[in-house]
Amino acid sequence: MDFVLHRETAGGPAAIPPIDFKASLNDEQFAAVTAPPGPMLVLAGAGSGKTRTLTYRVAYLLSQGVRAHEILLLTFTNKAAKEMLHRVEDLTGIPGHKFWGGTFHHIGHKVLRMYGEGIGLPRSFTILDADEADGFLRDTVEESDKTFFKDKAHPRPGVLHEIISFSRNTQRPVADTIARSYPQHEEITARVAGFAQAYRERKRAQCVLDYDDLLEYWLELLKASPEVLAYLAQRFRHVLVDEYQDTNTLQSQIVDLMGAHHRVMAVGDDAQCIYTWRGANFENILTFPDRHPGTQIYRIETNYRSTPEILAFANGVLAAQPKGRHFDKELKAARPSGEQPFLVQTMDSREQAAFVCQRLKGLHDEGRSLADVAVLYRAHFQALDLQLELSRLGIPYVITSGVRFFEQAHVRDLVAMLRFVYNPTDVMAWLRVAVLLPKVGDKGARKLYDLALERARATQKNYLDALASPEVAAKVPAGAKEEWPRLMASLLQVADTMRHLKPHNAVEVALDGWYGDYVKGAFANYAARMDDLKSLVGFAGRYEEMQDLLAQIVLLNSETSDRSADPDADALKLTTVHQAKGLEYGVVFLIGLADGQFPLRRAIEAGDVEEERRLFYVAVTRAKDELYLCYPRVNAKGGPQMLMPPSRFIQETPDTLYQSLRLKRSWNW
């Protein structure tokens with residue numbers, strides 16, 4: 001082999017101050033921290049002190065004579081790695097830089113930089129950032145097919161890169177990945193697979209790596225070079241993995257090989273595996289004992305966050321899981337008793353919003369700060385009416401999982417289309433729509449607008465008819481010529497609908513036309529974006545005239561923007577459940593708990609109900625003192641209004657674990 005293994009010449013074990021592990025940990029934590037060497041699966045329930053357990057495990061290994069450079073700590077965020085290593089340093093006095101600790105990608109980079117020559121990867125390789133990788137893929141595609149990105153229904157470079165990345169991290173063929181997760185692109189499956197291969201070859205030829213290569217080549221090195229594998233497995237006598245339930249197929253195989261000695265401590269919670277849509281493999285944690293014979297399972301179930309009543313409800317949620325598809329666990333409370341969770345039935349999402357705001361006033365009167373309260377929801381559109389009500393009442397809030405509803409790019413696009421059709425002299429609305437076309441910038445869009453305006457005046461035509469005329473079409477940039485007729489047809493259809501039908505009909509027509517196809521190619525989370533846009537149909541149904549709808553949207557958008565608050569200020573937190581994982585709040589309102597909204601209808605149809613159940617469990621375990629489970633009876637998202645039952649997750653939980661709160665119009669409850 002034509003490279004040298006970089007062996008560190010470290011001294012003996014470092015002296016660390018004495019630590020009373022028994023006094024510093026509860027019995028469950030102590031058992032895991034002081035376990036003998038060997039494969040360990042630590043099932044750390046919500047709020048049970050997972051980070052503390054990992055930190056003290058590192059300290060315990062050091063106290064047993066293990067040297068810092070013999071410990072490998074793998075995390076999912078740099079923040080988590082720094083926090084743990086900082087705690088270890090405080091506890092033991094050993095600087096964090098003595099350890100190999102960091103994200104999978106960080107450690108993969110170190111390994112490849114030192115040993116990548118074993119698979120023909122020179123040490124001089126460079127790494128593409130996300131934008132560069134998208135551009136590199138775009139250039140690769142256009143080398144073989146210059147027309148691919150001109151079709152708006154085709155995935156844009158960023159979306160195409162996400163599809164290929166998902167395939168690589170899950171180690172599934174591109175065809176399988178598209179069929180499972182991106183069915184809107186099934187007709188181009190073979191082309192995407194070809195692009196993925198060309199992308200890999202072009203990167204290798206230019207000696208550049210993207211983010212995923214750091215994992216793929218790390219795994220390839222371990223499989224192709226027995227000497228490197230043997231050295232790394234010997235060097236890292238102990239491998240510790242945080243949030244193991246979030247590992248993808250690539251990462252779990254790396255852990256298995258790096259920990260071939262089976263001294264692996266995997267810490268996680270199968271009940272909090274909620275990222276399979278990002279590639280996490282639920283089977284990794286379930287089958288860990290099969291891949292590491294002799295695995296000892298340690299359960300850390302004492303919860304220091306929530307009241308016994310909230311934990312009883314959370315345990316009830318887990319009890320409804322299918323048998324044999326999870327590890328049994330039961331959260332135990334360390335805190336005194338409090339209120340049972342409240343189940344709140346409202347007529348619709350507007351009454352739901354009014355209830356939340358009314359209860360916020362009561363919490364304020366009780367001395368609770370807004371910053372200690374969060375509203376959680378499954379999807380962004382479910383918080384629309386709440387954002388409007390908060391803005392109307394002047395209650396400060398921040399959205400920690402994105403921007404306000406009307407500030408989202410896809411919502412602003414659709415609203416701009418409606419504005420332009422309603423008022424063709426709205427130049428800013430036209431510019432926002434036109435630049436969505438390939439090869440059309442602000443200047444080009446303005447030229448087309450001015451040309452159509454001249455044509456309309458000269459021929460005494462309606463402006464939209466003039467815009468759709470052959471004379472204007474002749475001046476459209478070559479890259480947009482194919483798209484132009486479909487955009488014009490869609491604008492004219494929306495205009496015709498506005499003249500004869502209601503505003504919500506015009507929104508539906510706009511979604512069914514050119515812009516609906518654009519969303520398909522522009523965003524990887526196409527289904528979620530369409531849910532947001534379809535919610536506008538229901539919102540538009542509240543108005544009889546398009547002018548009233550558009551005026552209200554602009555005013556609301558302005559109001560919500562003006563109400564933006566400093567994330568550190570005393571403001572209510574609004575967030576999706578996914579973004580709330582790892583956080584905690586004194587009071588939690590979980591809204592939109594109707595079947596079809598949580599779990600989402602598309603998750604039910606795709607057979608992903610159990611991941612939705614785990615997401616529900618994560619949501620309820622964010623609450624420390626009070627939990628409000630709110631569900632609207634009437635669906636006003638779009639189409640005919642329908643009565644909705646409460647979430648199946650509530651129906652499957654014994655009603656002795658919560659209390660029903662009945663509302664009156666006077667808000668006495």
Side-chain angles (χ1 to χ4, degrees), residues 19 21 24-35 39-61 71-88 90-91 96 99 101-104 238-247 251-252 255 264-275 280 282 284-286 288 295-306 310-311 314-315 318 326-335 577-585 614-615 617-624:
I19 300 171
F21 290 97
S24 303
L25 304 163
N26 66 32
D27 291 344
E28 298 164 339
Q29 295 167 342
F30 180 77
V33 164
T34 60
M40 304 165 54
L41 180 58
V42 180
L43 299 172
S48 64
K50 169 180 66 68
T51 302
R52 185 177 185 82
T53 301
L54 270 167
T55 302
Y56 273 81
R57 176 62 174 178
V58 174
Y60 178 77
L61 292 175
I71 298 172
L72 175 62
L73 176 62
L74 293 166
T75 66
F76 277 86
T77 66
N78 288 313
K79 179 181 177 182
K82 289 178 180 177
E83 179 184 354
M84 264 183 259
L85 293 177
H86 180 72
R87 289 194 192 185
V88 169
D90 287 345
L91 199 58
F99 301 87
T103 65
F104 278 88
H238 294 271
V239 178
L240 285 66
V241 189
D242 187 24
E243 301 285 12
Y244 187 79
Q245 78 280 349
D246 293 336
T247 55
Q251 290 161 334
S252 69
V255 170
V264 179
M265 180 182 186
V267 181
D269 183 1
D270 58 303
Q272 296 189 70
C273 180
I274 60 173
Y275 295 116
F282 183 64
N284 290 346
I285 192 167
L286 289 186
F288 182 88
T295 292
Q296 295 297 309
I297 297 178
Y298 296 86
R299 288 175 170 81
I300 303 177
E301 299 172 321
T302 302
N303 176 288
Y304 294 92
R305 175 186 299 154
S306 307
I310 291 173
L311 296 183
N315 289 330
L318 293 187
H326 64 276
F327 292 104
D328 291 333
K329 65 181 69 65
E330 182 176 355
L331 296 177
K332 303 165 188 172
R335 293 186 54 199
V577 181
H578 279 106
Q579 292 296 322
K581 185 175 181 291
L583 303 177
E584 58 183 41
Y585 302 93
R614 297 192 294 270
L615 192 61
Y617 167 78
V618 167
V620 301
T621 54
R622 300 309 94 196
K624 294 192 291 186

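Along the sequence shown, the residues carry numbers beginning at 1.
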S.K.: Going by an N to O cut-off under 4.0 Å, is there a salt bridge joining Glu243 and Lys50?
M.R.: yes

S.K.: Are the side chain of Lys82 and the backbone of Ala80 linked by a donor-acceptor contact shorter than 3.5 Å?
M.R.: no

S.K.: Main chain of Leu331, side chain of Asn315: is a donor-acceptor contact present, judged purely on distance under 3.5 Å?
M.R.: yes

S.K.: Quick check for you: to the nearest 0.5 Å, what is the distance between Lys329 atom NZ and Ser48 atom OG?
M.R.: 10.5 Å

S.K.: Ignoring hydrogens and geometry beyond distance, is a side-chain donor-acceptor pair present between Asn284 and Thr247 at under 3.5 Å?
M.R.: yes

S.K.: Fit a plane to each ring of His578 and Tyr275, take the angle between them on a 0 to 90° scale, and name the class: parallel (under 30°), tilted (30 to 60°) or perpendicular (over 60°).
M.R.: tilted

S.K.: In terms of side-chain heavy atoms, does Tyr304 have a donor or acceptor partner in Asn26 at a distance below 3.5 Å?
M.R.: yes

S.K.: Where the side chain of Asp246 meets the backbone of Ala280, is there a donor-acceptor pair that is under 3.5 Å apart?
M.R.: no

S.K.: Does Tyr56 have Arg87 sitting over its ring (NZ/CZ under 6.0 Å from centre, angle to axis within 45°)?
M.R.: no

S.K.: Is there a donor-acceptor pair closer than 3.5 Å between any side-chain N or O of Arg57 and the backbone N or O of Ala35?
M.R.: yes

S.K.: Side chain to side chain contact (heavy atoms under 4.5 Å, CB included), that's the test. Do Lys581 and Ile274 meet it? Break it down for me.
M.R.: CA-CA 9 Å; Lys581 185 175 181 291; Ile274 60 173; 3.6 Å; yes

S.K.: Report the residue from Leu43, Leu54, Leu41 that forms a side chain to side chain contact (heavy atoms under 4.5 Å, CB included) with Val267.
M.R.: Leu54

S.K.: List for me each residue that meets salt bridge (Lys or Arg N to Asp or Glu O under 4.0 Å) alongside Arg305, sequence neighbours excluded, and say none if there are none.
M.R.: Glu584

S.K.: Is a donor on one side and an acceptor on the other found under 3.5 Å between the side chain of Glu301 and the backbone of Ala46?
M.R.: no

S.K.: Can you list the steps and then say if Phe21 with Tyr60 is a ring pair (Phe, Tyr, Trp, His ring centres under 6.0 Å)?
M.R.: CA-CA 8 Å; Phe21 290 97; Tyr60 178 77; 5.5 Å; yes

S.K.: Strictly distance-based, threshold 3.5 Å: is any side-chain N or O of Ser306 a donor or acceptor partner for the main-chain N or O of Ala623?
M.R.: yes

S.K.: Ring centroids only, cut at 6.0 angstrom: are Tyr244 and Phe288 within range, meaning strictly under it?
M.R.: yes

S.K.: As an exercise, state the distance from CG of Leu583 to CZ of Arg622, rounded to the nearest 0.5 Å.
M.R.: 7.5 Å

S.K.: Determine whether a donor-acceptor pair (N or O, by modelled atom type, separation under 3.5 Å) exists between the side chain of Arg614 and the backbone of Gln272.
M.R.: no

S.K.: Thr621 side chain to Val618 main-chain N or O, any donor-acceptor pair under 3.5 Å?
M.R.: yes

S.K.: Taking His238 for its side chain and Leu61 for its backbone only, find out whether a donor-acceptor pair lies under 3.5 Å.
M.R.: no

S.K.: Main chain of Gly45, side chain of Arg299: is a donor-acceptor contact present, judged purely on distance under 3.5 Å?
M.R.: no

S.K.: For the CG atom on Asp27, are there more than 12 heavy atoms of other groups (residues, nucleotides or ligands in this structure) within a distance under 6.0 Å?
M.R.: no

